[in-house]
Amino acid sequence: MVNKAVITDLIKNFDVSFNILRADINPKGGKMLIEINGSEAEKGIEYIEKAGIDVSPVKRVVKKDKDLCIDCGACVSICPVKAIVIEDDWTVDVNDTECVGCKLCTYSCPTKAIKVVE
Ligand code: SF4
Ligand code: SF4
């Protein structure tokens, strides 16, 4: 929580396009998955960091192919950031806002249902 209009200033002052892919914000703070493009993207990211927002670049995440997945759960305990969960209906889901793209789960999957997305 930085109490500044950081995103507005970013768009006003830098040649960037800014796309919010996911947001989980509450009165105490939150997380956003954002895509920043444009000729000044790197400068824009530096600006966000200097404004006090923690930035964790995500180079890749994984996606699960629902048709191939048999919900065996083999990938769940492998994930170091607990991005793969068993839902109430016993299906397995990958939370791509938590995934850091380490690829460990792809090696555990017997049906090759998990693919890396750059
Ligand atoms: S790639 Fe790594 S972080 Fe992402 S879901 Fe698989 S094990 Fe978890
Ligand atoms: S290991 Fe593969 S088949 Fe098993 S739950 Fe994970 S994605 Fe689905």
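First listed ligand is number 1; within each ligand, the first listed atom is number 1. Below, all heavy atoms of this structure are taken into account, side chains as well, without hydrogens, waters or symmetry copies. For the single chain, residues carry numbers from 1 onward in sequence order.
In terms of modelled atom types and a separation under 3.5 Å, the side chain of Thr111 and the main chain of Leu68 share a donor-acceptor contact.
Neither the backbone nor the side chain of Glu98 comes within contact range of ligand 1; no heavy atom lies under 4.0 Å.
Atom 2 (Fe) of ligand 1 has Cys102 SG, 2.2 Å as its closest protein atom, hydrogens excluded (heavy atom only). Nearest non-hydrogen protein atom to atom 1 (S) of ligand 1 is Lys103 N, 3.1 Å. In terms of protein heavy-atom proximity, atom 8 (Fe) of ligand 2 is closest to Cys69 SG, 2.3 Å. For atom 4 (Fe) of ligand 1, the nearest non-hydrogen atom of the protein is Cys99 SG, 2.3 Å.
Cluster annotation: Leu104 and Val61 are assigned to distinct hydrophobic clusters (Ile/Leu/Val/Met/Phe/Trp/Tyr, side-chain heavy-atom contacts under 4.5 Å, transitive). At a threshold of 4.5 Å between side-chain heavy atoms, the hydrophobic network of Ile, Leu, Val, Met, Phe, Trp and Tyr places Ile7 and Val2 in one connected group. Grouping the Ile, Leu, Val, Met, Phe, Trp and Tyr side chains by contacts below 4.5 angstrom, directly or via other members, places Val55 with Phe18. Cluster membership check: Val92 does not share its hydrophobic cluster with Val85, using side-chain heavy-atom separations under 4.5 Å among Ile, Leu, Val, Met, Phe, Trp and Tyr. Under the 4.5 Å side-chain heavy-atom criterion for ILVMFWY residues, no single connected hydrophobic cluster contains both Val94 and Ile78.
Counting backbone and side-chain atoms alike, Cys75 contributes no N/O/S atom closer than 2.8 Å to atom 4 (Fe) of ligand 2. When distances to atom 4 (Fe) of ligand 1 are checked against a cut-off of 2.8 Å, Cys105 contributes no N, O or S atom below that limit.
Pairing each heavy atom of Phe14 with each of Lys43, the nearest pair is CE2-CB, 3.8 Å. The nearest pair of heavy atoms linking Ile25 to Lys31 is CD1-O, 4.0 Å. Heavy atoms only, all atoms of each residue included: Cys99 and Ala83 are closest at N-CB, 3.7 Å.
Of the candidates Ile84, Asp71, Asp96, Asp71 is the only one forming a side chain to side chain contact (heavy atoms under 4.5 Å, CB included) with Lys64.
Listed by number with element, the atoms of ligand 2 under 4.0 angstrom from any heavy atom of Pro110 are 1 (S). Each of the atoms 7 (S) of ligand 1 lies under 4.0 Å from some heavy atom of Pro80. Under a 4.0 Å criterion applied to the non-hydrogen atoms of Cys109, ligand 2 contributes the atoms 1 (S), 2 (Fe), 3 (S), 7 (S). The distance from ligand 2 to the heavy atoms of Ile114 drops below 4.0 Å at these ligand atoms: 7 (S). Heavy-atom contacts of Thr111 reach the following atoms of ligand 2: 3 (S) (cutoff under 4.0 Å). Short contacts between ligand 2 and Cys72, defined as distances under 4.0 Å to a heavy atom of the residue, involve ligand atoms 1 (S), 3 (S), 4 (Fe), 5 (S). With ligand atoms numbered from 1 in the order given, ligand 1 contributes 3 (S) to contacts under 4.0 Å with heavy atoms of Val81.
When the options Val85, Ile84, Val76 are ranked by their closest heavy atom to atom 5 (S) of ligand 1, first place goes to Ile84. Residue Ile70 holds the heavy atom nearest to atom 3 (S) of ligand 2 of all those in Ile70, Ile86, Val92.
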